[in-house]
Amino acid sequence: METADTIDSYRLKWQAFWPEQAILDVFVPIKQKTKCHAWLSLLFELQSCAFAIEHDAVREQKALWWAQEINAINQSVGRHPLSQVLQEYTADYAALADAFLSVANQTPIRSSNTQALLELLKPMSQAISKIENQLFNGNLEVNAENAQAVSVQLLL
């Protein structure tokens with residue numbers, strides 16, 4: 001089975017949640033589609049785990065598993081279909097595992113202070129920004145503005 005076919009169910013899952021992504025997909029170069037689909041599907045899985053699972057014990061175990069899987073991507077020994085695609089591309093996933101686990105363990109995140117909330121998400125958002133820059137040959141400096149945009153997206 002081809003890699004794109006293997007991750008197709010994950011792509012369909014996040015595109016069902018964000019239907020506009022199917023329209024934006026026409027702008028992704030064909031050579032980057034599989035990598036892009038795997039990355040966005042992984043982000044959707046992480047976001048769903050951290051923010052949508054209400055039962056603490058389930059969320060904590062699933063978050064721990066995903067953190068281990070993210071570390072496995074960094075070591076090129078991922079088991080999940082998304083991990084197996086992403087480990088083919090060089091990026092620094094290490095910071096994402098710990099940052100994601102920290103956020104997932106603090107859910108539900110409650111704050112009446114937007115700045116405090118964005119600060120809490122900053123390590124995860126910075127890791128995501130850095131990986132995206134590495135995966136998609138970006139030349140952007142990963143800065144507070146990039147991280148804040150990712151934080152806002154995570155909270156939507």
Side-chain angles (χ1 to χ4, degrees), residues 1-53 55 58-107 109 121-143 145-156:
M1 184 182 310
E2 263 188 47
T3 306
D5 293 338
T6 304
I7 65 167
D8 203 42
S9 64
Y10 299 100
R11 177 188 60 81
L12 293 172
K13 189 173 165 183
W14 67 261
Q15 284 183 341
F17 193 79
W18 292 315
E20 67 277 8
Q21 294 295 319
I23 296 166
L24 295 174
D25 196 47
V26 300
F27 297 104
V28 177
I30 292 173
K31 290 183 178 183
Q32 291 192 356
K33 280 199 189 280
T34 300
K35 174 175 50 174
C36 182
H37 292 166
W39 174 243
L40 292 173
S41 295
L42 176 64
L43 289 180
F44 178 73
E45 293 296 328
L46 298 180
Q47 186 178 20
S48 296
C49 176
F51 300 109
I53 299 175
H55 193 269
V58 175
R59 183 184 59 258
E60 289 167 6
Q61 287 303 305
K62 189 168 183 176
L64 182 60
W65 186 89
W66 272 117
Q68 291 170 343
E69 193 63 16
I70 293 166
N71 283 322
I73 295 170
N74 224 30
Q75 300 166 10
S76 297
V77 293
R79 302 170 303 248
H80 193 278
L82 299 174
S83 304
Q84 291 174 350
V85 170
L86 292 170
Q87 69 194 17
E88 299 297 319
Y89 305 97
T90 304
D92 182 14
Y93 297 94
L96 179 58
D98 291 336
F100 163 70
L101 198 53
S102 175
V103 168
N105 287 335
Q106 294 181 55
T107 302
I109 298 171
L121 293 172
K122 190 175 182 179
M124 184 174 170
S125 298
Q126 286 176 322
I128 289 170
S129 294
K130 183 178 180 181
I131 293 167
E132 285 183 353
N133 199 32
Q134 293 168 336
L135 285 177
F136 301 104
N137 302 317
N139 295 319
L140 297 174
E141 179 182 332
V142 176
N143 58 35
E145 214 173 274
N146 303 128
Q148 187 167 346
V150 173
S151 294
V152 171
Q153 176 62 34
L154 289 172
L155 294 172
L156 288 177

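Sequential numbering from 1 along the given sequence is applied to the chain's residues.
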I'd like to know if the side chain of [X] reaches the main chain of [Y], judged simply by a donor and an acceptor atom lying under 3.5 Å from each other, with no hydrogens or angles considered.
X    : Y    : result
K35  : L135 : yes
S129 : S125 : yes
Q134 : D92  : yes

How long is the span from the [atom1] atom in [X] to the [atom2] atom in [Y], to the nearest 0.5 Å?
X   : Y    : atom1 : atom2 : value
T6  : R11  : OG1   : CZ    : 12.5 Å
I7  : L42  : CD1   : CG    : 10.5 Å
H37 : T34  : NE2   : OG1   : 7.5 Å
D98 : M124 : CG    : CE    : 12.0 Å

Evaluation steps, ring-ring contact (aromatic ring centres under 6.0 Å, His included), between W39 and Y89: CA-CA 11 Å; W39 174 243; Y89 305 97; over 10 Å; no

Minimal non-hydrogen separation, [X] against [Y], with atom names:
X    : Y    : answer
C36  : F136 : CA-CZ, 3.8 Å
E45  : L82  : CG-CD1, 4.2 Å
D25  : K33  : O-NZ, 2.5 Å
I53  : K62  : CD1-CD, 3.6 Å
V103 : A50  : CG1-CB, 4.4 Å
A104 : A63  : CB-CB, 3.4 Å

State, with a plain yes or no, whether a side-chain heavy atom of F17 is found less than 4.5 Å away from one of S48. no

I128 side chain near L46 side chain, heavy-atom distance below 4.5 Å: no

Is the W18 ring parallel, tilted or perpendicular to the F44 ring (thresholds 30°, 60°)? perpendicular

Contacts table for residues 65-78: side-chain donor-acceptor under 3.5 angstrom, sequence neighbours left out:
from: E69; atom 1: OE1; to: R79; atom 2: NH2; distance (Å): 3.1
from: E69; atom 1: OE2; to: R79; atom 2: N; distance (Å): 2.6
from: E69; atom 1: OE2; to: H80; atom 2: N; distance (Å): 2.7
from: E69; atom 1: OE2; to: S83; atom 2: OG; distance (Å): 2.8
from: N71; atom 1: ND2; to: A67; atom 2: O; distance (Å): 3.4
from: N74; atom 1: OD1; to: Y93; atom 2: N; distance (Å): 3.1

